[in-house]
Amino acid sequence: MLDAVGLFVLIEVVGLAATPLAALVLGRLPGAGLAFGKVLGLLLVTWLIWLAASLGIAPYGRGLIIGVIVLVALAGLLVGLRLRSLDPESRSRRLRRLALPEDPVRRRLFWGAELVFVAVYALGVLFAASAPDVWNTEKPMDMAFITAINASDSFPPHDPWMSGETLNYYYFGHVVFAWPLQLLGLRPDAGYLLSWGLLLALTATAVYAFCGTLWASAREHLGEMAPRGGPVLAGLVGAALVAVLGNLAGVRAWMNAEDPPSDYAWFDPSRVIPDTINEFPAFSFILGDLHAHVIALPFTVLAIAFALQVALHGPRGDALWRSAAEVLAAAIAIGALYAINTWSYPVAAGLLAAALIVWLRSPEARGRTGYALVWFVLVVVASFALILPFVLQFEPESRGIGRVGTRRDFGHWLGDMALIYGILLWPLLALYLRRLLDAQHAVRWTAWGLAASVVAGSLLASSDMTGAALVAVAMIIGVAAAVDDDVSPPARFLWVLVAGGAALLLIPELLFLRDAFDNSPLERMNTVFKAGYQAYLVLGLAAGAALPWAAVWLPRWLWPPWAAGMAVLLVLGLVYPYAAGYARTNGYANAPTLDGLKWLKTNSPGDPAAMEWIRANTDGDAVILEAFGEDYSAFGHARISTFTGRPTVMGWAGHEVQWQHDPGQRSAEIQVLYTTTDTTAAQSLIDKYGIDYVVVGPIEQTTYGDAGTAKWDQLGERVFSAEGTTVWRLTA
């Protein structure tokens, strides 16, 4: 496990180097933003590496990576020295304003974040090593992205599954995990498993930092009314709610199993609403796909932290260099999301806009409306300018907006929402109850609200719009509370999160983004999936901070039963990670290993060595010919390109269609290349696709037979052969 230790040390170095930078740009938050150091540091290093390679300033490789890390470390050192030189007790009003204020939670939040990262990273890597096969579902795609990035010397990287094309996907998040593998020289499959554990740790740490920060701010405003339990506990609860606990559909799966956890259907809780995907973070981490929406989790939380700072203190404008740093950092945090997971960008930008509106309602914002609007425009413009090479290259799949025609009836819709989001919504119900109790004529409002609900529900039932109407009302209440002058700033931002989560649940009930599944039963699958996943994160952040807050909101007579209900839900939330982890690893039957190619060695024992030879002895853009098969091939089609990053003629054609590439006749011509005995016909296709190397292993022999194999000795020379797998370098 030395590889695991090496990656841990590297991330620690980057995180500690960036901690002073976090204090610079998030220093007005409780805890001074120090707990966000790792996520911010990884983002800054990745962005600088990506930008330099995209603009041709330097080729992507170890030299560039080391140079960027040194640059970030020097910047962190200089900023740290400057911050230490500022005395909060200085007589100078300007120095007092710029210095980090004394903060009783700063050390607790920072060291708590360190402990969360260490513990979760260790557990995450151990779990990944207990389910080590880097194949099935979307793992091959994510692995291919990482290896293709590391096989490229500039960005965008080449498409590993379709030679001659560049990658038309939001790949920036995969760069986050590619450069550590490149720098440390890790084997791709082992690096993938370590990245799986690292992503879980980063997500838990970011959520911990955010929930702890929001609760620390709330306690400052609550004063003597604040209940027991500091920001560290709130952060731990938030991290558990978002990154660890499952949903109530996981409990249903347990009840449906005959012999749980052995036969636990761990995949089912992610498919609650028919013809859609209802994934949630705990499922993502059990599954182990390094997919864009999962990679975006910690970076989305970082972007929302900037929104929290704006909601509490407004955009900075008291020192030019400090203000410019905050603008640039917020722009990078939000803009990078467009290149990590495009769906996350409008969520982060929308929450920042809402935070600005909330702050403009405060007394200290009087006369600063113009400045605030200019500041927001600068952040949005900069968010695109700072990732402009990606914006110019990327062609989104979207084909417009469609209107939802068929929905679930209210009864089924209510059950779906309870199964997916029930655990998160329970703490937020206390928030709504407090809002009702604080209203004038609460009893009258309740009576009229119930009557209106019955009437409106009856009228909307025919079009199955009752659920959408209920979410719309919840959103409107959240918006009204967020702009209420009588609500404290931390509580107003909490309402921003709640209203934002409700909006994300409302959108798929009304609209869907047209994509490759348009005009089919799956037309709103991706919209429900991506919007629902964002809603889970946003509502989870709100629930993590709201849970300790409920002791203040609820009347004394209601607190005990509510707390008991919450305790039961938290226990039920543990069912999924326990049972799913057991079933996913076959009861932890095998010793942990970072050998992610065990699945391949059984039937193609020579392939891993062939991959290693190709990685060590070929150019990164060398075109490899290997067998073509269906997407999600269980046999291993496209395995060479996946684990070497070298482009193949045709990998997974269905994915290429989604990336707006036309596979044409490539699959048929690959068959001709392998089966023909005519060297002239083969040479014509070799020239067409610029093929440099040919692989023949058990998969090629099973797919195409041996009739055309002899010609490769005429067209090239054998450069590798072991255990049934041979590689030819074409020389004709």
Side-chain angles (χ1 to χ4, degrees), residues 22 25-26 29 33 36 39-40 42-44 46-47 170 172-173 176 202-203 206-207 209-211 213-214 238 242 281 292-312 314-315 326-359 372 375-388 390-391 394 396 475 478 482 493-505 507 513 527 529-542 544-545:
V25 297
L26 290 170
L29 290 174
F36 292 101
V39 181
L40 179 64
L42 275 175
L43 178 62
L44 289 176
T46 303
W47 176 72
Y170 22 86
F172 184 93
V176 174
L202 290 172
T203 301
V207 175
F210 181 88
C211 292
T213 299
L214 179 53
V242 172
H293 64 280
V294 190
I295 296 175
L297 286 171
F299 303 102
T300 304
V301 176
L302 175 66
I304 297 175
F306 281 99
L308 172 61
Q309 182 167 252
V310 168
L312 297 179
E326 284 193 18
V327 167
L328 289 174
I332 292 173
I334 294 173
L337 291 175
Y338 186 81
I340 296 174
N341 179 52
T342 303
W343 292 77
S344 301
Y345 179 88
V347 175
L351 290 175
L352 182 66
L356 196 63
I357 293 171
V358 165
W359 177 75
W375 183 90
F376 180 73
V377 170
L378 282 175
V379 171
V380 172
V381 172
S383 70
F384 282 104
L386 294 173
I387 60 161
L388 192 59
F390 177 85
V391 174
F394 179 57
M475 182 185 69
F493 190 74
L494 181 65
W495 277 111
V496 167
L497 294 176
V498 173
L504 288 166
L505 294 180
I507 289 171
L513 200 64
T527 304
F529 171 23
K530 297 301 178 69
Y533 202 80
Q534 301 294 322
Y536 200 100
L537 173 62
V538 172
L539 293 175
L541 294 175

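Just so you know, these numbers use all the heavy atoms, side chains as well, and skip hydrogens, waters and symmetry mates. Because the structure is predicted, anything quoted here is derived from the model rather than measured.
Between Leu505 and Ala535, the shortest heavy-atom distance links the atoms CD2-CB, 3.7 Å. The heavy-atom pair separating Pro281 from Val242 by the smallest distance is CB-O, 3.1 Å. Shortest non-hydrogen contact noted between Leu42 and Leu202 is CD1-CD1, 3.5 Å. Counting all heavy atoms, side chain and backbone alike, Asn341 lies closest to Ala292 at CB-O, 3.6 Å. Taking every heavy atom of both residues into account, Ile387 and Gly335 meet most closely at CD1-O, 3.1 Å. Looking at every heavy atom in both residues, Pro315 comes nearest to Ala372 through CG-CA, 4.2 Å.
Rounded to the nearest 0.5 angstrom, Ile334 CD1 and Leu386 CG are separated by 11.5 Å. Remark: Leu356 CG to Trp375 CH2 distance equals 6.5 Å, nearest 0.5 Å. In this structure, CZ in Phe210 is found 9.0 Å from CG in Leu537, a value given to the nearest 0.5 Å. Note: Leu214 CG to Leu541 CG = 9.0 Å, rounded to the nearest 0.5 Å. Taking OG1 of Thr342 as the start and CZ of Phe172 as the end, the distance is 12.5 Å to the nearest 0.5 Å. Between Lys530 atom NZ and Ile507 atom CD1 the span is 14.5 Å, to the nearest 0.5 Å.
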Would Phe376 and Leu352 satisfy side-chain contact (heavy atoms from CB on, under 4.5 Å), going step by step from the backbone distance to the final call?
-> CA-CA 8 Å; Phe376 180 73; Leu352 182 66; 4.1 Å; yes
Stepwise side-chain contact (heavy atoms from CB on, under 4.5 Å) check, Leu504 with Leu539 | CA-CA 10 Å; Leu504 288 166; Leu539 293 175; over 6 Å; no
Go through the steps for Phe36 and Thr213 under the test side-chain contact (heavy atoms from CB on, under 4.5 Å), then give the verdict.
-> CA-CA 10 Å; Phe36 292 101; Thr213 299; 4.1 Å; yes
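Judged by distance alone, the side chain of Thr527 and the main-chain N or O of Leu513 form a donor-acceptor pair under 3.5 Å.
A 4.5 Å side-chain heavy-atom check between Val207 and Cys211 finds at least one atom pair inside the cut-off.
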When the side chains of residues 293-311 are checked against the rest of the protein, which donor-acceptor pairs come out under 3.5 Å, sequence neighbours left out?
unit_1, atom_1, unit_2, atom_2, d
His293, NE2, Glu279, OE2, 2.9
Thr300, OG1, Ala296, O, 2.7
Gln309, OE1, Arg28, N, 3.2
Gln309, NE2, Val25, O, 2.9

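Using bins of under 30°, 30° to 60° and over 60° for the plane-to-plane angle, the ring pair Tyr533/Phe529 lands in the perpendicular bin.
Less than 6.0 angstrom separates the ring centroid of Phe384 from the ring centroid of Tyr345.
Between the side chains of Ser344 and Tyr338, not a single donor N or O lies within less than 3.5 Å of an accepting N or O.
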